[in-house]
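Just so you know, ligand 1 is whichever comes first in the structure, and atom 1 is the first atom listed for that ligand. Residues take their numbers from the sequence shown, with the count starting at 1.
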Amino acid sequence: MIAPILRQKSALRAAVKAWKQAGETVAVVPTMGALHQGHLSLVRAAETQCDRVIVTIFVNPKQFNNPEDLENYPRTEEDDAQKLSHHRVDAIYCPDPDQIYPDGFCTNISISGLTEVLCGAHRPGHFDGVATVVTKLFTQTLADKAFFGEKDFQQLQVVKRLAADLDLPVEVVGCPTIREEDGLAMSSRNLLLSDRARIKAPALHEALEDMADGLRNGGTAEELGAIARKRLIAAGFNEVEYLDLRACDDLSLLNKPDRDARLLVAAWLAGVRLIDNIGV
Ligand code: PAF
């Protein structure tokens, strides 16, 4: 059954109020739509951990630093609702833009440090946009738990920091990246890849796995990263924005995985920006 699609925060609040009064726990899965198995794995996790599940679909203009990227972002609401009908979803919140950014809106939530590296360094304002909309989605849904994919590892760390710093009464739960059979991390942006580019795309994950092997065998991120960058260009990628080994907690740059570490990459392939990461 297709869950009710709510577009006004008053309708959302009424539903949430009734659930909370009945003593039920509420999960939120924030998305920008174009749902794939990665999103659906978050919904499954939410279903098992909470009584009620809200999926939000909102293509947030504030987190796009490039107007063309915003315009090209896939929008597939009917399809998304259909996919969610196979899950125990209680409400799909697709807020009208003024429900998130009413006239005169001038608040910006900005997190320092964590957002100044990796995607934050290449997409100015992106994480301010994410932090601002996520805060609004948390306060509007009053969710007890919120589910995010590790595919956006930096985003997950930023949202955890945000919730801790602002005492938001929500537990932020990270869920593993879901991959296609050939290793490509599932992403709504994969829909933008041409057939030719799609064939080349798994090289991104292969580069991470090879580099992780090299690190386990005593290599340094500096030397292995240089080799991996060359391999990606040879495989057809146009540009590697970053390919870094970073500490999981504060995202500081590492040359050896001597703490809990993650390899993270962002690269352009035929006009599409792909990101991925793996634990080391
Ligand atoms: O990961 C996303 O899809 C978005 O950044 C999010 C968390 C829904 C905020 O717009």
Notebook entry, point to check: Excluding sequence neighbours, so at least two apart, what forms salt bridge (charged side-chain N to carboxylate O under 4.0 Å, His left out) with Glu24?
Noted result: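 Glu24 satisfies salt bridge (charged side-chain N to carboxylate O under 4.0 Å, His left out) with Arg52 once adjacent residues are dropped.
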Note to self: Can you classify the ring geometry of Tyr73 versus Phe64 as parallel (below 30°), tilted (30 to 60°) or perpendicular (above 60°)?
What the structure shows: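 Aromatic pair Tyr73/Phe64 classed perpendicular.
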Next item on the list: Kindly assign one of parallel, tilted or perpendicular to the pair Phe138 and Phe148, based on the angle between their ring planes and the thresholds 30° and 60°.
Entry: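 If you compare the ring of Phe138 with that of Phe148, the planes turn out perpendicular.
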Taking all heavy atoms of [X] and all of [Y], pick out the closest pair and write down the distance.
X: Lys9; Y: Gln99; answer: N-OE1, 2.8 Å
X: Lys20; Y: Leu142; answer: NZ-O, 2.7 Å
X: Gly149; Y: Leu156; answer: O-CB, 4.4 Å

I'd like the atom pairs linking ligand 1 to the protein - N or O on both sides, separation under 3.5 Å - with distances to 0.1 Å.
| residue | atom | partner | partner atom | Å |
| --- | --- | --- | --- | --- |
| ligand 1 | 1 (O) | Gln155 | NE2 | 2.8 |
| ligand 1 | 5 (O) | Gln63 | NE2 | 2.9 |
| ligand 1 | 5 (O) | Gln155 | OE1 | 2.7 |
| ligand 1 | 10 (O) | Gln63 | OE1 | 2.6 |

